[in-house]
2 protein chains.
Amino acid sequence: MPSRRADPVTVEVVELIGDVVARYHTEYEDAAASHQLTGAQARVLTLLSLEPLPMRRIAQKLRCEPSNVTGIVDRLETRGLVERRPDPADRRVKLAAPTDEGLQTAERLRESLDFAREPLAGLSDEERTALRDLLRRMLA
Amino acid sequence: MPSRRADPVTVEVVELIGDVVARYHTEYEDAAASHQLTGAQARVLTLLSLEPLPMRRIAQKLRCEPSNVTGIVDRLETRGLVERRPDPADRRVKLAAPTDEGLQTAERLRESLDFAREPLAGLSDEERTALRDLLRRMLA
DNA sequence: TATTGTTATACTCTATAACTATA
DNA sequence: TATAGTTATAGAGTATAACAATA
(Lines give C-alpha, C1' and ligand atoms only; values in the text may rest on other atoms or scores of the structure.)
Protein backbone atom coordinates (compact mmCIF):
# COMPACT_ATOMS: atom_id res chain seq x y z
CA MET A 1 0.00 0.00 0.00
CA PRO A 2 1.85 3.03 -1.30
CA SER A 3 0.29 6.30 -0.37
CA ARG A 4 0.67 6.75 3.30
CA ARG A 5 1.80 10.32 3.78
CA ALA A 6 5.56 10.24 4.38
CA ASP A 7 7.11 12.22 7.19
CA PRO A 8 9.65 14.95 6.32
CA VAL A 9 12.67 12.88 7.32
CA THR A 10 11.59 10.02 5.06
CA VAL A 11 11.02 12.44 2.21
CA GLU A 12 14.49 13.86 2.67
CA VAL A 13 16.07 10.40 2.85
CA VAL A 14 14.36 9.48 -0.41
CA GLU A 15 15.72 12.65 -2.00
CA LEU A 16 19.21 11.95 -0.67
CA ILE A 17 19.05 8.44 -2.10
CA GLY A 18 18.09 9.98 -5.42
CA ASP A 19 21.21 12.15 -5.16
CA VAL A 20 23.36 9.12 -4.34
CA VAL A 21 21.93 7.26 -7.33
CA ALA A 22 22.59 10.19 -9.67
CA ARG A 23 26.14 10.57 -8.43
CA TYR A 24 26.86 6.86 -8.61
CA HIS A 25 25.51 6.71 -12.15
CA THR A 26 27.59 9.68 -13.29
CA GLU A 27 30.78 8.31 -11.76
CA TYR A 28 30.16 4.85 -13.19
CA GLU A 29 29.60 6.16 -16.71
CA ASP A 30 32.66 8.39 -16.45
CA ALA A 31 34.82 5.52 -15.23
CA ALA A 32 33.56 3.33 -18.09
CA ALA A 33 34.12 6.09 -20.64
CA SER A 34 37.68 6.58 -19.42
CA HIS A 35 38.29 3.05 -20.70
CA GLN A 36 36.32 3.63 -23.93
CA LEU A 37 33.49 1.47 -22.61
CA THR A 38 29.78 2.13 -22.37
CA GLY A 39 28.05 1.52 -19.06
CA ALA A 40 26.54 -1.75 -20.27
CA GLN A 41 29.88 -2.98 -21.59
CA ALA A 42 31.57 -2.09 -18.30
CA ARG A 43 28.90 -3.96 -16.33
CA VAL A 44 29.24 -7.08 -18.46
CA LEU A 45 33.03 -7.00 -18.33
CA THR A 46 32.90 -6.60 -14.55
CA LEU A 47 30.49 -9.54 -14.26
CA LEU A 48 32.69 -11.76 -16.42
CA SER A 49 35.82 -10.79 -14.49
CA LEU A 50 34.31 -12.64 -11.53
CA GLU A 51 33.48 -15.76 -13.54
CA PRO A 52 32.73 -16.75 -17.15
CA LEU A 53 29.00 -16.91 -17.81
CA PRO A 54 26.61 -18.29 -20.44
CA MET A 55 25.00 -15.58 -22.54
CA ARG A 56 21.66 -16.37 -20.92
CA ARG A 57 22.98 -15.77 -17.42
CA ILE A 58 24.39 -12.41 -18.42
CA ALA A 59 20.96 -11.33 -19.62
CA GLN A 60 19.45 -12.42 -16.32
CA LYS A 61 22.05 -10.48 -14.34
CA LEU A 62 21.46 -7.40 -16.49
CA ARG A 63 17.70 -7.85 -16.42
CA CYS A 64 17.47 -7.52 -20.17
CA GLU A 65 16.57 -9.74 -23.12
CA PRO A 66 19.16 -12.32 -24.20
CA SER A 67 19.20 -10.89 -27.72
CA ASN A 68 20.77 -7.67 -26.38
CA VAL A 69 23.68 -9.52 -24.84
CA THR A 70 24.76 -10.75 -28.26
CA GLY A 71 25.58 -7.21 -29.38
CA ILE A 72 27.26 -6.14 -26.13
CA VAL A 73 29.51 -9.21 -26.07
CA ASP A 74 30.14 -8.78 -29.82
CA ARG A 75 31.53 -5.31 -29.16
CA LEU A 76 33.62 -6.47 -26.21
CA GLU A 77 34.92 -9.35 -28.33
CA THR A 78 35.84 -6.99 -31.18
CA ARG A 79 37.82 -4.98 -28.64
CA GLY A 80 39.63 -8.14 -27.57
CA LEU A 81 38.36 -7.92 -23.99
CA VAL A 82 36.10 -10.96 -24.03
CA GLU A 83 35.92 -14.25 -25.89
CA ARG A 84 33.21 -16.86 -26.45
CA ARG A 85 34.02 -20.45 -25.49
CA PRO A 86 32.00 -23.61 -26.03
CA ASP A 87 30.47 -25.20 -22.94
CA PRO A 88 31.68 -28.82 -22.84
CA ALA A 89 28.57 -29.86 -20.96
CA ASP A 90 26.00 -28.37 -23.36
CA ARG A 91 26.81 -27.57 -26.95
CA ARG A 92 24.00 -25.04 -27.18
CA VAL A 93 25.68 -22.84 -24.58
CA LYS A 94 28.40 -20.27 -25.21
CA LEU A 95 30.43 -19.12 -22.25
CA ALA A 96 31.60 -15.51 -22.34
CA ALA A 97 34.96 -15.14 -20.63
CA PRO A 98 37.33 -12.20 -20.22
CA THR A 99 40.70 -12.26 -21.98
CA ASP A 100 43.83 -11.30 -20.08
CA GLU A 101 43.45 -7.78 -21.39
CA GLY A 102 39.79 -7.86 -20.34
CA LEU A 103 40.78 -8.82 -16.80
CA GLN A 104 43.28 -5.99 -16.66
CA THR A 105 40.71 -3.52 -17.91
CA ALA A 106 38.18 -4.77 -15.35
CA GLU A 107 40.73 -4.30 -12.58
CA ARG A 108 41.57 -0.76 -13.67
CA LEU A 109 37.85 -0.05 -13.90
CA ARG A 110 37.40 -1.16 -10.31
CA GLU A 111 40.21 1.09 -9.20
CA SER A 112 38.78 4.13 -10.93
CA LEU A 113 35.40 3.54 -9.34
CA ASP A 114 36.01 5.57 -6.24
CA PHE A 115 32.42 6.25 -5.48
CA ALA A 116 31.77 6.43 -1.80
CA ARG A 117 35.33 5.52 -0.95
CA GLU A 118 36.50 9.10 -0.78
CA PRO A 119 33.24 10.45 0.74
CA LEU A 120 33.16 7.58 3.23
CA ALA A 121 36.66 8.45 4.33
CA GLY A 122 35.15 11.50 6.01
CA LEU A 123 33.12 9.27 8.31
CA SER A 124 34.41 7.65 11.47
CA ASP A 125 34.56 3.86 11.80
CA GLU A 126 31.46 3.94 13.99
CA GLU A 127 29.58 6.03 11.46
CA ARG A 128 30.51 3.77 8.56
CA THR A 129 29.36 0.77 10.55
CA ALA A 130 26.10 2.52 11.42
CA LEU A 131 25.57 3.39 7.75
CA ARG A 132 26.27 -0.21 6.73
CA ASP A 133 23.73 -1.53 9.24
CA LEU A 134 21.06 0.94 8.16
CA LEU A 135 21.56 0.18 4.47
CA ARG A 136 21.47 -3.55 5.21
CA ARG A 137 18.14 -3.22 6.98
CA MET A 138 16.78 -1.03 4.20
CA LEU A 139 17.59 -3.61 1.56
CA ALA A 140 16.57 -6.61 3.62
CA MET B 1 44.08 9.82 -5.06
CA PRO B 2 42.11 6.60 -5.49
CA SER B 3 43.87 3.50 -4.36
CA ARG B 4 44.18 3.55 -0.66
CA ARG B 5 43.20 0.08 0.46
CA ALA B 6 39.64 0.28 1.76
CA ASP B 7 38.62 -1.40 4.99
CA PRO B 8 36.00 -4.19 4.89
CA VAL B 9 33.20 -1.99 6.19
CA THR B 10 33.81 0.60 3.48
CA VAL B 11 33.87 -2.11 0.85
CA GLU B 12 30.55 -3.44 2.08
CA VAL B 13 29.00 0.02 2.19
CA VAL B 14 30.07 0.59 -1.41
CA GLU B 15 28.46 -2.73 -2.38
CA LEU B 16 25.28 -1.86 -0.52
CA ILE B 17 25.13 1.48 -2.31
CA GLY B 18 25.46 -0.42 -5.57
CA ASP B 19 22.48 -2.53 -4.50
CA VAL B 20 20.49 0.58 -3.63
CA VAL B 21 21.29 2.10 -7.01
CA ALA B 22 20.26 -1.05 -8.87
CA ARG B 23 17.02 -1.28 -6.96
CA TYR B 24 16.23 2.39 -7.38
CA HIS B 25 16.87 2.15 -11.11
CA THR B 26 14.67 -0.91 -11.51
CA GLU B 27 11.81 0.62 -9.58
CA TYR B 28 12.09 3.91 -11.44
CA GLU B 29 12.01 2.23 -14.85
CA ASP B 30 9.09 0.04 -13.79
CA ALA B 31 7.15 3.02 -12.49
CA ALA B 32 7.80 4.88 -15.75
CA ALA B 33 6.83 1.87 -17.85
CA SER B 34 3.58 1.50 -15.93
CA HIS B 35 2.65 4.86 -17.43
CA GLN B 36 3.98 3.95 -20.89
CA LEU B 37 6.97 6.25 -20.38
CA THR B 38 10.68 5.65 -20.80
CA GLY B 39 12.98 6.60 -17.95
CA ALA B 40 14.17 9.73 -19.75
CA GLN B 41 10.61 10.79 -20.52
CA ALA B 42 9.59 10.28 -16.90
CA ARG B 43 12.54 12.34 -15.68
CA VAL B 44 11.71 15.22 -18.01
CA LEU B 45 8.02 15.13 -17.16
CA THR B 46 8.86 15.15 -13.45
CA LEU B 47 11.21 18.11 -13.93
CA LEU B 48 8.59 20.07 -15.84
CA SER B 49 5.91 19.30 -13.27
CA LEU B 50 7.90 21.46 -10.86
CA GLU B 51 8.26 24.36 -13.30
CA PRO B 52 8.29 24.97 -17.07
CA LEU B 53 11.82 25.07 -18.44
CA PRO B 54 13.63 26.17 -21.61
CA MET B 55 14.87 23.25 -23.68
CA ARG B 56 18.44 24.22 -22.83
CA ARG B 57 17.84 24.00 -19.10
CA ILE B 58 16.33 20.54 -19.45
CA ALA B 59 19.50 19.36 -21.18
CA GLN B 60 21.60 20.80 -18.35
CA LYS B 61 19.46 19.06 -15.72
CA LEU B 62 19.71 15.77 -17.62
CA ARG B 63 23.40 16.24 -18.32
CA CYS B 64 22.91 15.51 -21.99
CA GLU B 65 23.21 17.39 -25.28
CA PRO B 66 20.40 19.82 -26.10
CA SER B 67 19.70 18.02 -29.37
CA ASN B 68 18.48 14.98 -27.42
CA VAL B 69 15.89 16.98 -25.56
CA THR B 70 14.15 17.83 -28.81
CA GLY B 71 13.22 14.19 -29.37
CA ILE B 72 12.22 13.48 -25.79
CA VAL B 73 9.95 16.54 -25.62
CA ASP B 74 8.63 15.70 -29.12
CA ARG B 75 7.45 12.34 -27.85
CA LEU B 76 5.95 13.78 -24.68
CA GLU B 77 4.20 16.41 -26.80
CA THR B 78 2.81 13.77 -29.17
CA ARG B 79 1.41 12.02 -26.10
CA GLY B 80 -0.27 15.27 -25.03
CA LEU B 81 1.68 15.43 -21.76
CA VAL B 82 3.82 18.46 -22.55
CA GLU B 83 3.55 21.55 -24.73
CA ARG B 84 6.04 24.09 -26.06
CA ARG B 85 5.34 27.74 -25.33
CA PRO B 86 7.14 30.82 -26.60
CA ASP B 87 9.17 32.77 -24.07
CA PRO B 88 7.92 36.36 -24.12
CA ALA B 89 11.31 37.63 -23.02
CA ASP B 90 13.41 35.90 -25.71
CA ARG B 91 11.91 34.68 -28.94
CA ARG B 92 14.68 32.16 -29.45
CA VAL B 93 13.61 30.28 -26.34
CA LYS B 94 10.89 27.62 -26.13
CA LEU B 95 9.51 26.79 -22.74
CA ALA B 96 8.45 23.18 -22.23
CA ALA B 97 5.49 22.98 -19.86
CA PRO B 98 3.31 20.09 -18.70
CA THR B 99 -0.34 19.95 -19.78
CA ASP B 100 -3.03 19.17 -17.24
CA GLU B 101 -2.81 15.54 -18.23
CA GLY B 102 0.98 15.74 -17.90
CA LEU B 103 0.65 17.08 -14.36
CA GLN B 104 -1.71 14.26 -13.47
CA THR B 105 0.65 11.69 -14.92
CA ALA B 106 3.59 13.21 -13.03
CA GLU B 107 1.60 13.02 -9.80
CA ARG B 108 0.66 9.38 -10.35
CA LEU B 109 4.29 8.68 -11.21
CA ARG B 110 5.38 10.18 -7.90
CA GLU B 111 2.88 8.04 -6.05
CA SER B 112 4.02 4.84 -7.71
CA LEU B 113 7.64 5.61 -6.86
CA ASP B 114 7.63 3.94 -3.50
CA PHE B 115 11.30 3.33 -3.37
CA ALA B 116 12.67 3.64 0.10
CA ARG B 117 9.31 4.65 1.51
CA GLU B 118 8.26 1.12 2.28
CA PRO B 119 11.74 -0.08 3.31
CA LEU B 120 12.26 3.04 5.40
CA ALA B 121 9.02 2.35 7.21
CA GLY B 122 10.82 -0.53 8.90
CA LEU B 123 13.23 1.89 10.53
CA SER B 124 12.54 3.87 13.69
CA ASP B 125 12.41 7.66 13.65
CA GLU B 126 15.87 7.79 15.22
CA GLU B 127 17.27 5.42 12.62
CA ARG B 128 15.80 7.37 9.72
CA THR B 129 17.27 10.55 11.14
CA ALA B 130 20.65 8.88 11.57
CA LEU B 131 20.51 7.62 7.99
CA ARG B 132 19.60 11.10 6.75
CA ASP B 133 22.54 12.66 8.59
CA LEU B 134 25.00 10.06 7.31
CA LEU B 135 23.80 10.43 3.71
CA ARG B 136 23.97 14.21 4.01
CA ARG B 137 27.58 14.03 5.16
CA MET B 138 28.44 11.55 2.45
CA LEU B 139 27.12 13.83 -0.26
CA ALA B 140 28.48 17.03 1.21
C1' DT C 1 9.21 -30.31 -27.72
C1' DA C 2 11.99 -27.13 -25.17
C1' DT C 3 16.12 -24.35 -24.75
C1' DT C 4 20.39 -21.50 -26.25
C1' DG C 5 22.05 -18.17 -28.89
C1' DT C 6 21.49 -15.47 -32.92
C1' DT C 7 19.38 -12.58 -36.50
C1' DA C 8 16.08 -9.12 -38.15
C1' DT C 9 13.47 -5.22 -37.02
C1' DA C 10 12.03 -1.11 -34.83
C1' DC C 11 12.29 2.41 -31.22
C1' DT C 12 14.67 5.29 -27.87
C1' DC C 13 18.63 7.64 -26.11
C1' DT C 14 23.01 9.46 -27.02
C1' DA C 15 26.75 12.67 -29.15
C1' DT C 16 28.46 15.46 -33.06
C1' DA C 17 27.99 18.71 -36.56
C1' DA C 18 25.51 21.81 -39.44
C1' DC C 19 21.52 24.71 -39.93
C1' DT C 20 17.68 28.65 -38.61
C1' DA C 21 16.02 32.25 -36.16
C1' DT C 22 16.74 35.19 -33.13
C1' DA C 23 19.79 38.27 -29.93
C1' DT D 1 29.08 37.29 -33.40
C1' DA D 2 26.87 34.53 -30.15
C1' DT D 3 22.93 31.78 -28.45
C1' DA D 4 18.47 28.65 -28.56
C1' DG D 5 16.49 25.13 -30.75
C1' DT D 6 16.32 21.99 -34.50
C1' DT D 7 17.73 18.67 -38.02
C1' DA D 8 20.71 15.05 -39.88
C1' DT D 9 23.47 11.32 -38.91
C1' DA D 10 25.46 7.48 -36.65
C1' DG D 11 26.25 4.29 -32.69
C1' DA D 12 24.51 1.87 -28.75
C1' DG D 13 20.93 -0.30 -25.81
C1' DT D 14 16.40 -2.18 -25.64
C1' DA D 15 12.26 -5.45 -26.73
C1' DT D 16 9.83 -8.56 -29.91
C1' DA D 17 9.59 -12.21 -33.07
C1' DA D 18 11.47 -15.76 -35.88
C1' DC D 19 15.28 -18.93 -36.73
C1' DA D 20 19.18 -22.74 -36.40
C1' DA D 21 21.47 -25.91 -33.53
C1' DT D 22 21.19 -28.76 -29.75
C1' DA D 23 18.94 -30.98 -25.80
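Throughout, a chain's letter reflects where its sequence line sits, starting with A, and its residues are numbered from 1.
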Is there a continuous path of hydrophobic side-chain contacts, each under 4.5 Å between heavy atoms, that joins Leu16(B) to Val11(B)? no

Spatial distance of atom NZ (Lys61(B)) from atom CZ (Arg63(B)) [nearest 0.5 Å]: 11.0 Å

What's the CZ-P distance between Arg63(A) and dT14(D), to the nearest Å? 13 Å

Please list all pairs meeting ring-ring contact (aromatic ring centres under 6.0 Å, His included) that have one or both residues in residues 25-73 of chain B, counting only residues at least two apart or in different chains. none

Salt-bridge criterion met for Arg108(B) and Glu111(B) (N-O under 4.0 Å): no

How long is the line joining CG of Leu95(B) and P of dG5(D), in whole Å? 8 Å

Check for a donor-acceptor pair, side chain of Glu127(B) on one end and backbone N or O of Leu134(A) on the other, with a separation under 3.5 Å. no

Electrostatic pair Glu12(B):Arg136(A) at N-O distance under 4.0 angstrom: yes

Does anything in residues 28-50 of chain A reach DNA chain D, meaning a heavy atom under 4.0 Å, and if so which residues? Thr38(A), Ala40(A), Gln41(A)

Taking only N and O in the side chain of Arg84(B), is any of them less than 4.0 Å away from OP1 or OP2 of dT6(D)? yes

Linked, directly or transitively: Tyr24(A) and Leu37(A) (ILVMFWY side chains, under 4.5 Å): no

Between CD1 of Ile72(B) and P of dG13(D) the distance, given in whole Å, is 18 Å

Measure from the side-chain heavy atoms of Arg56(B) and tell me the nearest of dC13(C), dG5(C), dA4(D). dA4(D)

For Arg57(A) and dT3(C), give me the distance from atom CZ to atom C1', rounded to whole Å. 15 Å

Taking Leu120(B)'s backbone N and O only, do any of them form a donor-acceptor pair with Arg128(B)'s side chain (distance below 3.5 Å, no angle check)? yes

Measure from CD1 on Ile58(A) to P on dG5(C) and round the result to the nearest Å. 8 Å

Return the value, rounded to whole Å, for the distance between atom CZ of Arg75(B) and atom C1' of dT12(C). 6 Å

When every nucleotide of nucleotides 16-23 of chain D is labelled 5' to 3' by its protein contacts under 4.0 Å (heavy atoms), B for base, S for sugar-phosphate only, - for none, what sequence of letters results? BB----BS

Taking all non-hydrogen atoms of both residues into account, name the closest pair between Arg137(A) and Gly122(B) and its distance. NH2-O, 2.9 Å

For Glu77(B) and dG5(D), what is the distance between atoms CD and P respectively, to the nearest whole Å? 13 Å

Please state whether the phosphate of dT6(C), meaning OP1 or OP2, lies under 4.0 angstrom from any side-chain nitrogen or oxygen of Lys94(A). yes

Could you state the atom-to-atom distance from CG of Asp74(B) to P of dT7(D) in whole Å? 7 Å

